[in-house]
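Have a look at the structure below before the remarks.
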Amino acid sequence: MYTQRKLRTSKRIAPAEPKKKEQAEDTDEDATLNHSPKKKPREVPSKKTFDKSQPDDKDIFNGKTVYFVPVEIPQARRNLLARRVEEFGGKVADELHLGGKTPLDYIVVDDRVALDTICRAMDNNFHDNFEKMLQLLDKASVVRAQWLSQCLLERKIVDDSEANINEFLKNHIRAMANKADQPSRSPLPFSPLRDSSPSRDESYHSDDDRKSYVSNFSDLGDMEDLHDVPGSQGDVDAAKLQKSNFFLSPAGGSRSGTNPNAHIIEQLEEMMKTYRNMGDEFRGYAYARAISAIRKFPDPILGMEQIKQLKNVGPRIASHIVEIVETGHMEKKDGAESNEATKAMNLFVNMHGVGTKTAQKWVQMGYRTLDDLKEKVKLTPEQAVGLKYYDEFQEKMTRREVEEIVRIVEDTVDSIRSGFIFKVCGSYLRGREMCGDVDLLMTHSDGHSHNTILKPLVGKLHEMGFLTDDLWLTEGRHKKYFGVCKLFKEGSKHRRLDIIIPPYNEWATCVLGWSGSMYFVRSIRDYAHKKGMSLTDYSLNINVVRVNGEKVNEGIPLETPTEESIFEALGLPYLRPEERDH
DNA sequence: AGGCGGTACTG
DNA sequence: CAGTACC
DNA sequence: GCCT
């Protein structure tokens, strides 16, 4: 059918070095992940009943003063820990004073802040103050939050050797002090204290659950719910930081996506990816819906009181949330992440053309790295492309770059035939700052030019050297090209490019489908389904007859010239693309 | 206990 | 048909 | 794993 496949080459694929993605999981799936029945997950509602019932060791902290370094410890967790510390006889300092009349006993940092991050922060903020820093460290122990959790759990001061990073810091300070004697000390650019946590920063809300979303409209007829992303607060951290000036990055503490429950969301997202990569689609989906509910929840989640208000959070996920709130981490997730085969699964599944089945097969055959694949596995043509650009495909591009790519395609189209209309869909249309690929839709109002443009277009783009590889090209009801392009500019990366060409009268449904998010699309289709309709990229049909889920009668396609008309026909309030970014 | 979006490609 | 992809 |  389509000839330009040459590029794909038989020669060996350029080494794409194994790049590790975060997240992991556990390969012997059921073993640790699924098994629910045994060992019942710690009673959800209990806990937090510490209070009255424990007459004994109430003052484990015995007047000790604790300071929480706000960075990276989610506010919710900080509050909770602080409350507990006081409950158990400790004091909580508001700020960290270098001079220290009331000497601090413990300085608590988040478990995830990397050591070198802390060091860099100190370098930037205390280069005049080495002595005071050392004094401070003499009296106070800098410990990980996890240690504090442990103390609270066991109701005693436990050994902190693992959590205590005093010596490390002192050594570092001494080293810096020496170095400071010598004149050259450039003020490190230094990027904030949060390098480690969002393993991929651009937070991505991958989700939302159709139910909550759709039912919000239909039942309550109010969409408020969707808009009210609690975004605002979160400069609390920044403010506090300013004050304490400890570990403060001069440049910018301003955190990006501040959600009061970011910490919880992060961990659950890891679990979601894990399940999904393992092939447990629906469990992953359940997580996605739960996460969406949490993301919309405006207040810090401290316990069951808040959890009970969340839709799509059942007993299992609730218990995970409780665990995260109380201990700061999630055992199941940590376990999965430390599993080696699991890491390989993640590595493989992130390659284009590889899903859970193939990844599982490879892992089982003992492969663990991309190099293993290069040498030992017969790849499909698509997988070969995926491997060749493994690293590049993990990266996202700016909106600006999307626009440059689109510009080239548009110009080329115009040079062939005038009058086409274009729309960049996908995450770009939803307003994301960074986009993983380019989804360009185009059509022609004359009702026929859309049929013949794709092949010449792709041919020309190849000639220009703009397209570097093809995944596939089809001439179905909607003409589609999936491939790889690269801007001519020096240093440009290879990018995934999808071109979709529906007939003019199917434009709106196609745009809707290609605008996402995936969860939005699933939810609105589900909603249509429930109303006896059927929504696809091609049309919105009414009077659909299904028997046992099988469509028996296609129904009748509605005229839906605009996206608005689709919502209207479904009886839903219109949502702009950026409001579909769940 | 059953459902969880709807479609179309490759091999 | 199974597997993967697209949002 | 959650909902109906």
Side-chain angles (χ1 to χ4, degrees), chain A residues 1-2 5 33-34 36 41 206-207 209-212 214-215 268 271-272 275-276 279-293 310-320 332 349 351-361 378-383 385-386 425-430 435-439 441 470-482 496-500 502 509-530 533-541 544 546 548-551 554 577 580-582:
Chain A
M1 62 170 61
Y2 172 59
R5 290 233 168 208
L33 291 172
N34 287 342
S36 44
S206 29
D207 45 284
D209 111 352
R210 71 176 153 286
K211 268 159 210 135
S212 69
V214 168
S215 67
L268 294 180
M271 267 327 278
M272 175 185 73
Y275 282 126
R276 178 158 306 164
D280 198 339
E281 158 77 27
F282 296 120
R283 201 180 302 245
Y285 194 35
Y287 268 79
R289 284 175 291 158
I291 290 166
S292 180
L310 299 168
K311 274 197 284 186
N312 296 316
V313 173
R316 318 289 305 291
I317 291 180
S319 77
H320 290 316
K332 217 173 190 178
V349 161
M351 187 168 120
H352 181 99
V354 180
T356 43
K357 300 297 183 180
T358 308
Q360 260 166 17
K361 191 175 73 190
K378 182 157 189 301
L379 298 168
T380 68
E382 284 192 48
Q383 289 164 351
V385 173
C425 296
S427 53
Y428 179 90
L429 188 64
R430 299 199 306 275
C435 307
D437 69 352
V438 179
D439 305 298
L441 273 62
D470 304 317
L471 294 167
W472 42 269
L473 178 153
T474 62
E475 298 278 345
R477 180 164 170 184
H478 290 184
K479 320 296 175 202
K480 295 180 201 161
Y481 170 80
F482 287 11
R496 281 279 291 102
L497 171 64
D498 298 339
I499 301 172
I500 298 88
T509 43
C510 190
V511 166
L512 187 72
W514 278 87
S515 296
S517 69
M518 176 180 75
Y519 294 110
F520 169 81
V521 171
R522 286 166 77 156
S523 66
I524 197 170
R525 288 181 179 181
D526 181 62
Y527 182 77
H529 185 138
K530 289 192 172 74
M533 306 161 89
S534 169
L535 177 61
T536 70
D537 283 359
Y538 303 140
S539 61
L540 173 62
N541 289 23
V544 177
R546 292 182 175 86
N548 296 339
E550 292 299 311
K551 238 189 266 182
E554 292 291 301
R580 308 172 199 159
D581 196 31
H582 309 295

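Below, chain A is the first sequence line, B the second, and so on; all start at residue 1. Model, not experiment: these values are computed from the prediction.
Regarding A:Lys551, its NZ atom lies at a distance of 10 Å from the P atom of B:dA8, rounded to whole Å. In this entry the distance linking CH2 of A:Trp472 with P of C:dC6 reads 8 Å, nearest Å. Across the protein-nucleic acid pair, A:Asp439 atom CG and C:dA5 atom C1' stand 12 Å apart, rounded to whole Å. As a whole-Å value, the separation of A:Arg276 CZ from C:dC7 C1' is 13 Å.
Counting non-hydrogen atoms under 4.0 angstrom, A:Arg430 reaches the backbone sugars and phosphates but no base. Among the heavy atoms of the strands lying under 4.0 Å from A:Ser515 are primed sugar atoms or P, OP1, OP2 only; no base atom is included. Using a 4.0 Å heavy-atom distance criterion, A:His478 is classed as making no nucleic acid contact. Within 4.0 Å (heavy atoms only), A:Ser534 reaches no atom of the nucleic acid at all. Here A:Arg496 lies in heavy-atom contact (under 4.0 Å) with sugar-phosphate atoms only. Across all strands, A:Leu535 comes closer than 4.0 Å only to sugar-phosphate atoms, never to a base (heavy-atom distances).
A residue-by-residue look at A:Glu554 and A:Phe282 shows that A:Phe282 has its nearest nucleotide of DNA chain B further toward the 5' end.
For A:Ile317, taking side-chain heavy atoms from C-beta onward, the closest of the listed nucleotides D:dC2, C:dT4, B:dC4 is D:dC2. Ranking C:dC7, B:dT10, B:dC4 by closeness to the A:Glu382 side chain, first place goes to B:dT10. Out of B:dG11, C:dA5, B:dG5, the shortest distance to the side chain of A:Pro381 is found at B:dG11. Residue A:Thr474 places its side chain closer to B:dC9 than to any other of B:dT10, C:dT4, B:dC9. In this structure, of B:dG11, C:dT4, B:dG6, it is B:dG11 that holds the atom nearest to the side chain of A:Thr380.
With sequence neighbours excluded, the residues that form a side-chain contact (heavy atoms from CB on, under 4.5 Å) with A:His352 are A:Glu382, A:Leu471, A:Arg496.
Residues A:Thr509 and A:Thr536 form no side-chain contact, since every pair of their non-hydrogen atoms from C-beta on lies 4.5 Å or further apart.
Side-chain N/O atoms of A:Ser523 include none lying less than 4.0 angstrom from OP1 or OP2 on B:dG5. Considering only side-chain N and O atoms, A:Tyr538 lies nowhere under 4.0 angstrom from the phosphate OP1 or OP2 of B:dG5.
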Worked check of salt bridge (Lys or Arg N to Asp or Glu O under 4.0 Å) between A:Asp439 and A:Lys480: CA-CA 10 Å; A:Asp439 305 298; A:Lys480 295 180 201 161; over 6 Å; no
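Nearest heavy-atom pair across A:Asp581 and A:Arg430 is OD1-NE, 2.6 Å.
Taking the centre and axis of the six-membered ring of A:Tyr287, the NZ or CZ atom of A:Arg283 falls outside the cone set by 45° and 6.0 Å.
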